[in-house]
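Hydrogens, waters and symmetry mates play no part in the numbers below; they use all other heavy atoms, side chains included. Keep in mind that this is a model prediction, so the values were computed, not measured.
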Amino acid sequence: MKHAAKRKIGTTEVEITRLGYGGTALAGTTGPSDEPEAVAVIRAALSHGIRYFDTSPLYGSGLSEHRMGAGLRHAPRAEIVVSTKVGRLLIPDASAAGGGALPFRPDFDYSRGGSIRSFEDSLQRMGVDRIDLLFIHDISHRWHGSGFEAALARATAEALPALVEFRDAGVIGAIGLGTNDLAAAVPMAAHGGLDCVMIAREYNLLNHAELLRHLAPVCVRNGVSLICAAPYASGILATGLTEGATYMYAPPDDAVRAKITNLEAVCALHGVPLRAAALQFADLNPLVSSVVAGLRTEAEIDAAIEAFNYPVPPAFWAQLKAEGLIDPAAPIEAGSLGTTGGAERRNPAA
């Protein structure tokens with residue numbers, strides 16, 4: 001089944017399954033209520049052929065990494081790709097506990113020393129001896145506001161070279177940037193050193209034009225893959241316009257509601273579930289190595305796998321373009337954008 005097929009990350013030898021498991025679901029808020037339940041969900045993903053697992057120190061202030069490690073502890077490690085992130089250190093703080101999170105306060109730190117410490121802390125939280133893919137996390141205007149340029153500069157000057165040294169020494173297999181901000185993704189992909197960008201918010205059925213115009217050409221030139229996170233846009237592209245549905249964690253505005261209504265109409269005409277359209281739209285882009293979804297239960301894993309493998313007719317994608325529901329430049333056939341395979345990774349400027 002195609003969800004378990006693998007694609008390479010950039011120009012590296014690291015291969016990940018086309019459907020990945022997102023560790024936000026393990027953070028203790030809306031996902032599994034305890035560790036045994038979390039372990040069961042991870043093992044269900046494994047039993048269905050998923051072999052790429054992503055987490056972060058941010059998720060539950062370390063809780064997701066602990067649960068990820070427990071769930072993968074007896075899995076065939078050579079078959080699995082595990083990713084986590086640097087850019088924050090977890091500082092003990094009893095007041096930070098709550099909502100399932102552990103008693104640690106995430107503080108931003110893109111320094112060389114902070115990146116190395118974050119990496120080493122993650123190894124211990126997960127109980128593993130290596131990380132296959134390591135991201136620099138959350139350089140964005142949303143998180144840093146007026147300090148965005150300073151955060152980007154420090155991550156480029158300190159965090160990225162530290163990770164390049166790790167990769168060159170074989171300590172990690174690949175380097176990524178995890179962000180929802182094209183203002184960070186474009187210059188870092190152009191700078192050199194990255195193998196992939198995990199992008200949230202900026203590549204889904206509802207929002208993708210700016211990425212295709214600004215980030216995709218840079219990725220093609222520099223041998224950088226994309227990993228598409230949040231393909232359901234926090235839920236509305238899985239559920240449609242149901243009560244309580246959210247678009248990027250907020251109630252949908254009138255424009256989003258109108259577009260969902262039109263998407264659902266085309267889905268109904270072609271017999272395509274909206275969830276299937278959301279996952280496969282991202283997967284059709286040949287720059288995308290994996291589509292990562294935060295799957296909270298075994299039922300959600302089953303639904304995602306069914307949707308990923310659902311037979312979507314070419315006429316469906318053609319009609320979406322004809323009605324202006326997806327951008328004219330959006331790839332709707334495999335290989336239609338170009339791949340990273342012929343590009344060479346560009347090393348960071350000295």
Hey, is CZ on Arg257 packed in by over 12 heavy atoms from elsewhere, all under 6.0 Å? no
Below 30° counts as parallel, above 60° as perpendicular, anything between as tilted: where do the rings of Trp317 and Phe281 land? tilted
Over 60° means perpendicular and under 30° means parallel, so classify the ring planes of Phe108 and Trp143, tilted if in between.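 Ring orientation, 0 to 90° scale: perpendicular.
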Polar side-chain atom of Ser61 near backbone of Phe104 as donor-acceptor pair, under 3.5 Å: yes
Taking all non-hydrogen atoms of both residues into account, name the closest pair between [X] and [Y] and its distance.
X      : Y      : value
Ala216 : Leu212 : CB-O, 3.7 Å
Met188 : Leu152 : CG-CD1, 3.6 Å
Cys228 : Tyr203 : SG-O, 3.2 Å
Ser83  : Asp54  : OG-OD1, 2.6 Å
Pro57  : Thr84  : CD-OG1, 3.5 Å

State plainly whether one hydrophobic cluster holds both [X] and [Y], where clusters connect Ile, Leu, Val, Met, Phe, Trp and Tyr through side-chain heavy atoms under 4.5 angstrom apart.
X      : Y      : answer
Leu237 : Leu279 : yes
Met68  : Leu90  : no
Leu89  : Leu102 : no

Sort and list the pairs that fulfil ring-ring contact (aromatic ring centres under 6.0 Å, His included) and have at least one residue in residues 57-85, not counting sequence neighbours.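 For residues 57-85, and leaving out neighbouring residues, there are no ring-ring contact (aromatic ring centres under 6.0 Å, His included) pairs at all.
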ring-ring contact (aromatic ring centres under 6.0 Å, His included) partners of residues 113-141, not counting sequence neighbours, each pair once: Phe119-Phe166, His141-Phe148
If you measure only the distance, is there a donor-acceptor pair under 3.5 Å linking the side chains of [X] and [Y]?
X      : Y      : value
Asp138 : Ser140 : no
Tyr110 : Thr156 : no
Asp302 : His48  : yes

With [X] via salt bridge (Lys or Arg N to Asp or Glu O under 4.0 Å) - residues at least two apart:
X      : answer
Arg112 : Glu165
Arg77  : Asp132
Glu13  : Lys8
Arg213 : Asp327

Does Arg201 pair with Asp181 as a salt bridge, N-O distance under 4.0 Å?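 No, this pair does not count.
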Using a strict 4.0 Å threshold on nitrogen-to-oxygen distance, state whether Lys6 and Glu15 make a salt bridge.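 Salt bridge between Lys6 and Glu15, a charged N being under 4.0 Å from a carboxylate O: no.
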Contact between Ile236 and Ile260 at the side-chain level, heavy atoms closer than 4.5 Å - yes or no?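 Yes; the side chains approach each other to less than 4.5 Å.
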With a 4.5 Å cut-off on side-chain heavy atoms, are Leu287 and Val224 touching? no
